[in-house]
Each structure stands twice: as structure tokens, then as C-alpha cells.
Amino acid sequence: MRIGKIEIDRPVILAPMEDVTDRAFRQLCKRHGADIVYTEFVSAEAIRRGAEKSIRKLAIADHERPVAVQIFGSTVESMVEAAAIAESYEPDYLDINFGCPVKKVAGRGAGAALLREPEKLSAIASAVARAVSIPVTAKTRIGWDHDSINITETVRRLEDAGMQAVAVHGRTRSDMYKGRADWARIAEAKAACSIPVIANGDVWNEDDAVAMFAQTGADGIMIGRGSIGNPFIFARAVSLVRHGVRLPSPTYRERIGAALEHLRLSVEYKGEKYGVIEMRRHYSTYLKGLPGVSKVRNELVRELDLNAIERQLREFEERCESLEREGRLTESGEFLNDHSPKLILNYQPTTNPSITV
Ligand SMILES: Cc1cc2nc3c(=O)[nH]c(=O)nc-3n(C[C@H](O)[C@H](O)[C@H](O)COP(=O)(O)O)c2cc1C
């Protein structure tokens, strides 16, 4: 797949996700094999006003490359102005959001709302493409609702407007995130245009990645929710898609390690206080299914001190190691005995041998 100077065979891409794909998470996913990463969407109006929080989201680092900045807006003027400002932060390309279903975006005429205003969608896409010298792409949904699926028309419009690729999430706006993404509609989009199509929606593991390429004929795929707490999905998908090699499941040590890595990156970019607070919502996904996870999570989310959190995570790892030594936990984090959670939480191998059941 080629976008400007970027050329990657069947890339596996980190999807833009508000409040998730910040610099820390992008770097983490990059380290774990994502071929291209996207920023969170940034409001064109807010960029134009110089709103500090939004401007900060435009900042990217060289080690993230290739990286795309995504913007959304409802008018040609705001989008053209914001595009020029975003370009000055030197992303590899700029992406326009024509798919966001949430009220604060679509309710204000931006994101997926533009699927109901095709002329305006074309006008915004072509004006932005003309306004910057870097490549411009778009990300969209298959339609507003099931009575108005118009993805083939939309991708043709986007191609005519000068978009260099289009990412298609196989749901309508009214689906929000319900049901299964419709990969057959993505295949129709691929057949309807000659720019690269990036398929998106419901890739949760490497087998889904292979299936999505096969069923859609897309040039690249994009993973969103499946990467949260699971950056390993990128290397695993790349390996199976491009080399036919299935990588082993991440071990519990690697999962705890990834949580630590994410935490440190978060603190590096946001400072100790905000970095630590932002990480709180991620622990349960990194540690999902491991014995005693709710207890350790409850401790982690109360702590503000980075060193204390690191210590708690290491102690949790040590507890997992003792369970592994006893044959009660596999390397991949599968708990073998049917102990009640209470017993697991209170598990003290040296001081309380009665709890071994
Ligand atoms: C928390 C969250 C935030 C999102 N933010 C954005 C966004 O900023 N821009 C965008 O184009 N899509 C956004 N999306 C949609 C995803 O990029 C993606 O299209 C969708 O989650 C389907 O892919 P998945 O099944 O791999 O998650 C968001 C999704 C989630 C779950």
C-alpha cells in the first residue's frame, strides 16, 4: 500500500481513538509492531482558536513515524485553516474524520454527519487536499443508517476529491459500535475505487486480521479496540499476515511488562500526576484474567506515586510467579485451579499453607 512516500505491504495500522491514541499509546503500539499510527481526532475549530489541549494533540515524535494526524470539522474554512496548522507539525499525512458518530461531533455537522451531505463532504475533502502539500486521506463509515448505505458513492467522491487512501469502518452511524462490522460492504468499497482502502472494524486477533484481508481485498487494515491493553496484536497480526508465522501468546510477564511500559511512557509525556491518573483505566485490560486482578487494580488506581505503582506491579508479578511454580498458573496467564477469588486474593504460600486447597 502506498500513501505519499510511505510504502508498506499489507500494513496493520493503529486506528485513531479519542482519549486512547495519545503519544504514549502510539509509541507503545509502534514498539509492538504497528506499521502506521494515528493521533486522536482533533477539532478543526479548536485548532483554529488555538485551544491549548487540542494543539498539544498535534505534537508527534519522529520515532512514531509513519504517523497521521486526524482532524474533524463541519466547514470548509475551519478545515482548511486547521489543516495548514496541523501540517506545520509535520505528520506524514493528514486524515479527515468523516465517520465519528458521537453527538458532540456528528450532532454539529462534522464526522459521520457529512455522509448525509455528500456535496459538502466532497468540498471539504478537496479543499483540504489542495490546502496542504502532504498527502490527505479520509476515514469513514459505510453510511448514516441501514436505509442509506452509500459507501461506494462516498469512496468514489473521496477519490475524486484527491484523497490518497480511505479507511472504511464497516458500520453505519446508527450502529455506533453495535453488531458486527460488515466486511462485505468494505469489499464493495474496495471494488468501487482505485485508491488504497484500509479496512476497519472487529479485528480482535491475528486470525481476524488474516480473514479481513482475505474477505475485503483491502490494502491495509486498521485496529482500534483490539489494541487497548493488547499492543501485542500488531506484531502478531503482522507476523501471520505477512510471514504466515503465528507468534506465541503474550505471557503474563509480558502483559505486566506492557502495562509498566505504558505507564512509564504516559508519565514521560504527561508528567507523574496526569500520567498515573490516565493509566488507571487501562490496568484491568492489561491484567485481564490473571489471579487477583481486581484486588491489585483497586490498589493501583488509588496510588499516585509512580515508584509505588511500579512496586505493586512487580509484587503482582511475583505472586503470579509463585502460582506458576506451583503449577496453578500457565506462562500465558491461564489460571488452572478453580479456586474462589477470595482464596486467590489471600494467597500467601509461606505464611498460610492451609489455603492451597
Ligand atoms: C474509545 C474510542 C475512541 C475513538 N475515537 C476515534 C477518533 O478519534 N477518530 C476516528 O476516526 N475514530 C475513532 N474511533 C473509532 C475507531 O477508530 C474504529 O473505527 C472503531 O473502533 C472500529 O474499529 P475496531 O473494531 O477495531 O475498534 C474511536 C473508537 C473508540 C472505541
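Whatever order the structure lists them in is the order used to number ligands and atoms, beginning at 1. The structure displayed is predicted, hence computed values, not measured ones.
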Report summary line: Test side-chain hydrogen bond (donor to acceptor under 3.5 Å, both in side chains), reference D35, set R242, R10, K30, output is R242
Is there a nitrogen or oxygen of [X] sitting under 3.5 Å from a nitrogen or oxygen of ligand 1?
X: E40; result: no
X: V203; result: no
X: G224; result: yes

Query raised in the report: Can you find a non-hydrogen atom of W204 under 4.0 Å from ligand 1?
Result: no
Query raised in the report: Is G201 in contact with ligand 1, taking contact as a heavy-atom separation below 4.0 Å?
Result: yes
Which residue owns the protein heavy atom closest to [atom], what's the atom, and how far is it?
atom: atom 11 (O) of ligand 1; answer: Q70 NE2, 2.8 Å
atom: atom 21 (O) of ligand 1; answer: Y177 CE2, 3.4 Å
atom: atom 6 (C) of ligand 1; answer: P16 O, 3.1 Å
atom: atom 3 (C) of ligand 1; answer: E18 N, 3.2 Å
atom: atom 18 (C) of ligand 1; answer: N200 OD1, 3.3 Å

Query raised in the report: Counting only heavy atoms not in R108, do more than 12 fall under 6.0 Å of its CZ?
Result: no
Go through ligand 1 atom by atom and flag the ones less than 4.0 Å from a non-hydrogen atom of [X].
X: A15; answer: 17 (O)
X: D202; answer: 24 (P), 25 (O), 26 (O)
X: K139; answer: 10 (C), 11 (O), 12 (N), 15 (C), 16 (C), 17 (O), 18 (C), 19 (O)
X: R225; answer: 21 (O), 24 (P), 25 (O), 26 (O), 27 (O), 31 (C)

Is there a side-chain contact between [X] and [Y] (heavy atoms, below 4.5 Å)?
X: E261; Y: L28; value: yes
X: Y286; Y: M279; value: yes
X: D95; Y: V136; value: no
X: E52; Y: I55; value: no

Query raised in the report: Are any of the side-chain nitrogens in R328 or E334 under 4.0 Å away from the carboxylate oxygens of its partner?
Result: no
Query raised in the report: In terms of the angle between their ring planes, are F41 and F72 parallel, tilted or perpendicular, with boundaries placed at 30° and 60°?
Result: tilted
Query raised in the report: With under 30° as parallel and over 60° as perpendicular, where do the rings of H282 and H262 fit, or are they tilted in between?
Result: tilted
Requested in this report: Determine whether the side chain, the backbone, both or neither of M17 has a heavy atom under 4.0 Å from any heavy atom of ligand 1.
Outcome: both
Query raised in the report: Step by step, would you call E321 with Y252 a side-chain hydrogen bond (donor to acceptor under 3.5 Å, both in side chains)?
Result: CA-CA 9 Å; E321 280 166 354; Y252 67 79; 4.8 Å; no
